[in-house]
Amino acid sequence: MEVMTFNIDKDRRNLVDDKQNFSIDFHDSKYNWLQARQYEESMRQVEVHVVHGDGSPVDLTGMNPVFEGWLPEGLYRIIDAKHSVMIDAQNGIFRFDFPAPAFQIAGSYKQAFFRLMKDGKSVTTLEFSLDVMADKVISGLVPSDYITPFEDLYDKLQDYITKANGDFDVAMTQWKKDVANLITELNADVSGINLTITEIKTQLSALEDKIKADGLATTADLNALVNPLIERISQLENYNSAVSIGTDVGGGIRDIFTNHIGNMRSRINHDLVNIGMINDVHYTDRDTYWGPDSIAKTGITHILNLASVSDLLDYAVSVGDNTDDNADSSKFSEKRIMDYGTTWFTALECPSAILIGNHDDNSSHALVDGVTGDDFIVKDSYFAKAYRQNINLFGEKRNGDSNYFYYDIPNKKVRVIGIDDYENPHTFDDNGKLKYPRITNSIITDAQLDWLANDALQVPSDTHVAIFIHCPIKGTTTDNPTNICINHDVLKSLLEAYVSGTNGTLVGSNSDFPTSVKYSFTSKGNLIGVFAGHVHRDDYKQVNGINYVANLNSVGSDLPRPGGKEYFNTSDEDSWAVIGVDKSKRHVKLIKFGRGTDMDFDY
């Protein structure tokens, strides 16, 4: 067995002069090397020793060695997190068993090295020389990318079809769930991967149609549809095999909800366009304003209740105040935000998004505790990662990696728009106090309003629009607890212009956040409604022909009774809605899970 030693402190190579024709000079004897012949499989092994500059071993405890290679000819890549075997972690020793796809093409690898992964972070070894000698006697593998997580998943699909005894729908349902979980795992720790479940759903839909038409899928059919997905995953440069949270979070779905979930599924009308909405979960892991019995701690399990009907939904939105900041500011945990995002995107089986609310960035402590500086504030860049805004997970359209977005439900002619009404900048006054804490200020900027007027609301005349926002637009539903709502009046006027089909310019009145938005709508728009959270009560009002809906909070205590526990451990502890849209009748049927009352209205 070949033995390779890498010194991660002192190993050094010269930079490549020609980046277009990338080539490493391995003439220096300090480089490790390996030779193999085409089509060898599994028995070509190397023992790898990783040391520090002084020769002491690197402790590899908890690390996952990943082999990454750029094959000869520079067309295909190997990212293999499956074939390493830890021999002596504390002494920095592991074994790697090269799989057959590593030896697909004869020639010298353009680049080959090991990446050592732990908790989403990594360190890499120096490159080693890897030569693959030609085998003219036999021919075997067709060159392709080899990415272990997706290869394993693809193998599962064929197993599912076999085990399902020809019931393709059953097999595909399970495989779709696996695909969604894989994408969530990859994106939990890796940014910049332009791989979307929308594309996967398109491929799977085509495969389903073919099998239903022909009654049989060949291996060639599967390869033709799945290989493009593998090509997209080849963009992955930093793989970490994160463990999916799935339905195990918080102990899973609780018994008090089981019957109600079945009832909710039976009430969802499959002939409608169905959009799930949950808000004000206020998830935390300690006693807070919402109750001495840690009522809010159970909030994250409420995601699983919604997820249990998500296969029947066209889309779902978590509409802000997903996490809670009422605890001591020194105990606020950003991890809860990431846990919420990971649970959400792992558990749900439909395209979805998460909006920000006034409790999510921990700004309440600027007022409650008098905290100065910005160390306690959650930055927007963190939300972009936790809520997958930086990768457009489902093909949604954003303004950069903004929290606001729009998504077109395939083949339904319905556009879902998410508004971020907490664009407050983290700026401070002369005393170091947060100038516009989101806990009491709702601000919409000119950039978002312009994007809304000239991009998001520019839809074909037969497309219908549903808008989601955390804080109700000022002047619509009753008893809005947020007094400082900047540019809400501009947003309200813009939506009225969209519905009436007019053009003009809207100018805001706030000098700190000036806005001047030109708009032009050539026909009357179809606005289903504006759906908000924040107020912790059901409410409905029609203003100038637009339906404004406020949805009950999911956390198990009502706003008029802070600290109460009247709903805890009952089916009313949770509350969320499925919004069913009948476009032909221009009618909405909003059905409630847990607390709350169903609602009907026309638009």
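Salt bridge status for R415 with D408: present, with a side-chain N to carboxylate O gap under 4.0 Å. A salt bridge links K589 and D600; the closest N-O separation between the charged side-chain nitrogens and carboxylate oxygens is under 4.0 Å. A salt bridge between K412 and D314 is present, with a side-chain N of the basic residue lying under 4.0 Å from a carboxylate O of the acidic one. A salt bridge links D380 with R438; the closest basic N to acidic carboxylate O contact falls under 4.0 Å.
Counting heavy atoms from C-beta on, the side chains of L348 and I303 come closer than 4.5 Å. In this structure, the side chains of N263 and F593 stay at 4.5 Å or more apart for every pair of heavy atoms. Contact of the T342 side chain with the R388 side chain is registered, since non-hydrogen atoms from C-beta on lie closer than 4.5 Å. Here the side chains of F257 and L304 are not in contact, with every heavy-atom distance at 4.5 Å or above. I444 has its side chain within reach of E423: a pair of non-hydrogen atoms, C-beta onward, lies under 4.5 Å apart.
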Query raised in the report: Could you go step by step and tell me if D421 and K474 meet the salt bridge (charged side-chain N to carboxylate O under 4.0 Å, His left out) rule?
Result: CA-CA 11 Å; D421 53 343; K474 193 72 173 178; over 6 Å; no
Requested in this report: Show your working on side-chain hydrogen bond (donor to acceptor under 3.5 Å, both in side chains) between Y404 and N399 and close with a plain yes or no.
Outcome: CA-CA 7 Å; Y404 54 90; N399 190 1; 2.9 Å; yes
Requested in this report: Go through H302 and D574 one step at a time and tell me if the side-chain hydrogen bond (donor to acceptor under 3.5 Å, both in side chains) criterion holds.
Outcome: CA-CA 6 Å; H302 295 175; D574 191 10; 3.3 Å; yes
Query raised in the report: Going through the distances and angles, do N547 and Y540 end up as a side-chain hydrogen bond (donor to acceptor under 3.5 Å, both in side chains)?
Result: CA-CA 7 Å; N547 296 296; Y540 168 81; 2.4 Å; yes
Query - Derivation and outcome, side-chain hydrogen bond (donor to acceptor under 3.5 Å, both in side chains), residues Y283 and D339 - result: CA-CA 10 Å; Y283 165 58; D339 286 347; 4.5 Å; no
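We find the NE2-CG distance between H464 and L527 to be 11.0 Å, quoted to the nearest 0.5 Å. To the nearest 0.5 Å, the span separating CG on N305 from CH2 on W576 amounts to 6.5 Å. Taken from CZ in F513 to OG1 in T445, the straight-line distance is 9.0 Å, to the nearest 0.5 Å. With rounding to the nearest 0.5 angstrom, the CZ atom of R537 is 13.0 Å from the CG atom of N551.
Aromatic ring centres of Y407 and F394 lie farther apart than the 6.0 Å criterion allows.
Side-chain contact, D360 with Y422: no donor N or O sits under 3.5 Å from an acceptor N or O. With no hydrogens or angles considered, a side-chain donor-acceptor pair links W344 and S352 at under 3.5 Å.
Minimum interatomic distance between V281 and Y340 (heavy atoms only, all atoms of both residues): CG2-OH, 3.4 Å.
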